[in-house]
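Accompanying notes for the structure given below.
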Amino acid sequence: MKYWFQCNDCGKVFRENFLYLCPDCSAGNSPSLPPTGVLKTLYDYDLIRGAAHPANLFDELYLQKFLPLLPVQHIESFGPLRVGNTPLVEVAGLVDNRRLRVLVKDDSQNPTFSFKDRASVLVSAWAAENNITTLVAASTGNAGSSLAGICASNAQNSVILAPASAPPAKLLQMMMYGARTVLVDGTYDDAFDLSITLTQRLGWFNRNTAFNPFTIEGKKTVAFEIFRQTCGAMPDFIFVPVGDGVILSGLYKGLEDLLMLGILRRMPVVVAVQSKQSDNLVRNHGQPTFVSRQSTTLADSISVDIPRNFHMASAFLTRYNGATISVDDQDIVFAARRLAACSGVFTEPAGAAAVAGFLKWSENQKGTAAANVVILATGSGLKDVATPLINFPFPQPVQPHPDAVIEFLKRN
Ligand SMILES: [Zn+2]
């Protein structure tokens, strides 16, 4: 077997083709608490290391789309869309501190315009190799539109359960990609639990974040790309927007794979950023008991009451000395505009949360040592135009006359 699973909570190993959660730990799960029993996918790192000269190992992995470190057998299973290999853009004017070199990983440039394509494409590829034709996901919007698009490209059917309040652009994407789109009159958490019940009843393959361990494996490819794009000089800090904690865990898992292979020598400081209006992961990290607060953030992609990968994300943060920051929604909106105006990268509110976290952190870095920083921008700003328009409304129209335009420009 190329891969196997290990429970994040009890450590038990499962040598099976596929499993959603550790049966022992998940038996006591309750809808009001983050699930236990989320699985890590592991590989024979000695075998992978021995298969190539260490100096070439990473290039070879990259050329094969990291295939030795993914739970699929054939590159062809991924389908024709190009996922990943997104730009790492240097942003000079974000802060007035020359000691900080800032790079933005622009994952809006994935096929469906979000980071979620990394997970969807892997789940879809595995399903293709196992003759599964219908995939389902609960989603705040991005995961669903991503799965719908990836399935459309890979001759598969998709069923998406999304809260009715999801941004219209994301819902429209799902429908245009041909997904059977179900609007749930409830929260994301309601849609999540509903999709699991339907999976058990109808036998679909479920892409729910963390519930399907391969979502973590797909998302880890961002770590490999950052390593390659910085020529191995990994950043000192990586800022990550957090909802369920799966992007955070995926990034850490990729970095951990590189540690296991002896390719990475030093773990960067990963900074988990949440909105104060949806801070159930950072607020409960390190606490003896989990207490959920209702999420009201305008950053819909990270609006989560019960973080589905809380335990793994929290364990990673503890093991590798990660940090946490929470920011105001208002700061998220202004961070989105600031990034867009000084870089040309227009990210949605969730991605802007990581930018806001970086800006808050940078205020305490004046006079400190130089640092390289990467910020994950996880989705396109065009996926949710209603939110920034609240703060940045369109200007009033002017008469079609040069004097009127000149007068307008004087006032704006
Ligand atoms: Zn377990």
Side-chain angles (χ1 to χ4, degrees), residues 82-118 142 146 219-243 246-248 250-252 254-255 268-275 299 301-302 322-323 325 327 331-363 365 370-385 387-388 392:
R82 181 193 63 84
V83 175
N85 196 23
T86 55
L88 190 62
V89 184
E90 180 147 12
V91 180
L94 196 57
V95 286
D96 185 21
N97 184 343
R98 290 175 182 275
R99 293 169 189 243
L100 300 178
R101 180 173 182 242
V102 183
L103 301 163
V104 170
K105 184 70 170 157
D106 181 12
D107 257 52
S108 71
Q109 298 204 30
N110 276 304
T112 76
F113 317 109
S114 88
F115 191 100
K116 302 296 171 75
D117 286 344
R118 296 178 183 276
N142 278 339
S146 169
K219 291 178 181 184
K220 77 180 181 182
T221 55
V222 73
F224 302 162
E225 290 179 19
I226 293 171
F227 183 89
R228 187 185 61 81
Q229 289 171 312
T230 58
C231 300
M234 288 296 269
D236 303 293
F237 297 89
I238 304 178
F239 287 77
V240 186
V242 173
V246 180
I247 291 179
L248 183 86
L251 171 67
Y252 263 130
L255 295 169
V269 176
V270 175
V271 185
V273 186
Q274 287 201 297
S275 162
S301 293
I302 52 172
I325 290 181
V327 293
D331 295 335
I332 292 174
V333 175
F334 281 90
R337 172 137 155 175
R338 193 156 159 181
L339 176 68
C342 72
S343 70
V345 176
F346 178 26
T347 187
E348 67 169 345
V355 181
F358 162 72
L359 292 172
K360 186 174 178 180
W361 169 85
S362 70
E363 289 169 7
Q365 300 303 308
N372 292 320
V373 173
V374 166
I375 301 169
L376 297 191
T378 45
S380 167
L382 292 178
K383 278 173 166 276
D384 180 9
V385 295
T387 300
F392 308 116

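Values in this document were obtained by computation on a predicted structure and should not be read as measured data. The analysis underlying the following values was restricted to heavy atoms, covering all of them including side chains, and did not include hydrogens, waters or symmetry mates.
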Where do Val273 and Val327 land on the side chain to side chain contact (heavy atoms under 4.5 Å, CB included) test, with the steps shown first? CA-CA 7 Å; Val273 186; Val327 293; 4.2 Å; yes

Verdict with reasoning, Ser114 to Thr378, per side chain to side chain contact (heavy atoms under 4.5 Å, CB included): CA-CA 6 Å; Ser114 88; Thr378 45; over 6 Å; no

Let's go through Leu255 and Val270 carefully: what are the C-alpha distance in whole Å and the side-chain angles of both, what is the deciding distance for side chain to side chain contact (heavy atoms under 4.5 Å, CB included) to 0.1 Å, and is it a yes or a no? CA-CA 10 Å; Leu255 295 169; Val270 175; 4.2 Å; yes

What do the steps show when you test Phe239 against Val355 for side chain to side chain contact (heavy atoms under 4.5 Å, CB included), and what is the final call? CA-CA 8 Å; Phe239 287 77; Val355 181; over 6 Å; no

Given the rule in the salt bridge (Lys or Arg N to Asp or Glu O under 4.0 Å) test, do Arg118 and Asp107 qualify, once you have shown the distances and angles that lead to the verdict? CA-CA 9 Å; Arg118 296 178 183 276; Asp107 257 52; 2.7 Å; yes

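Using a 4.5 Å heavy-atom cutoff, the side chains of Arg101 and Glu90 are in contact. Side-chain contact between Leu88 and Val104: absent, with no pair of heavy atoms (C-beta onward) separated by less than 4.5 Å. The shortest side-chain heavy-atom distance between Lys360 and Asp331 does not fall under the 4.5 Å cut-off. Counting heavy atoms from C-beta on, the side chains of Ile238 and Val240 come closer than 4.5 Å. Using a 4.5 Å heavy-atom cutoff, the side chains of Pro268 and Asp236 are not in contact. Looking at heavy atoms from C-beta onward, Val222 lies in side-chain contact with Lys105 at the 4.5 angstrom threshold. The side-chain heavy atoms of Pro111 and Val83, taken from C-beta on, include a pair separated by under 4.5 Å. In this structure, the side chains of Leu359 and Val95 come closer than 4.5 Å at one or more pairs of heavy atoms.
Cys342 and Val91 make their closest contact through SG-CG1, 3.7 Å (heavy atoms, listed as atom of the first residue, atom of the second, distance). When all heavy atoms are compared, the tightest approach of Ala352 to Ala335 is O-CB, 3.7 Å. Residues Gly351 and Pro241 share a closest heavy-atom pair of CA-CG, 4.4 Å. Shown here for Ala272 and Leu248, the closest heavy-atom pair between the two residues is CB-CD1, 4.0 Å.
Side chains of Glu348 and Asn142: a donor-acceptor N/O pair is present below 3.5 angstrom, by distance only.
To the nearest 0.5 Å, atoms CG (Asp384) and OG (Ser301) are separated by 8.0 Å. Atoms CD1 and CD, from Ile302 and Gln274 in turn, are 6.5 Å apart once rounded to the nearest 0.5 Å. Distance check: Leu382 CG to Phe113 CZ gives 8.5 Å after rounding to the nearest 0.5 Å. A distance of 5.5 Å separates CZ in Phe358 from CG in Leu94, rounded to the nearest 0.5 Å. Considering CZ of Phe237 and CG of Leu100, their distance stands at 9.0 Å, rounded to 0.5 Å. With values rounded to the nearest 0.5 angstrom, Ser380 atom OG is found 11.0 Å from Asn110 atom CG.
Not a single donor-acceptor pair under 3.5 Å links the side chain of Lys219 to the backbone N or O of Leu251. Between the side chain of Arg82 and the backbone N or O of Gly84 there is at least one donor-acceptor pair closer than 3.5 Å. Within the 3.5 Å criterion, the main-chain N or O of Lys116 finds a donor-acceptor partner in the side chain of Ser146. A donor-acceptor contact shorter than 3.5 Å is absent between the side chain of Glu225 and the backbone of Pro87. Remark: side-chain polar atoms of Thr347 are paired, donor with acceptor, to backbone N or O of Gly379 under 3.5 angstrom. Under a 3.5 Å cut-off, the side chain of Asp117 and the backbone N or O of Thr112 do form a donor-acceptor pair.
With sequence neighbours excluded, no residue satisfies salt bridge (Lys or Arg N to Asp or Glu O under 4.0 Å) with Lys383. Partners of Asp106 under the salt bridge (Lys or Arg N to Asp or Glu O under 4.0 Å) rule, at least two apart in sequence or in another chain, do not exist in this structure.
Here the two rings, on Phe392 and Phe334, have centers that are under 6.0 Å apart.
When each of Val374, Val102, Leu103, Val373 is paired with Pro235, the side chain to side chain contact (heavy atoms under 4.5 Å, CB included) condition holds for Val374 and for no other.
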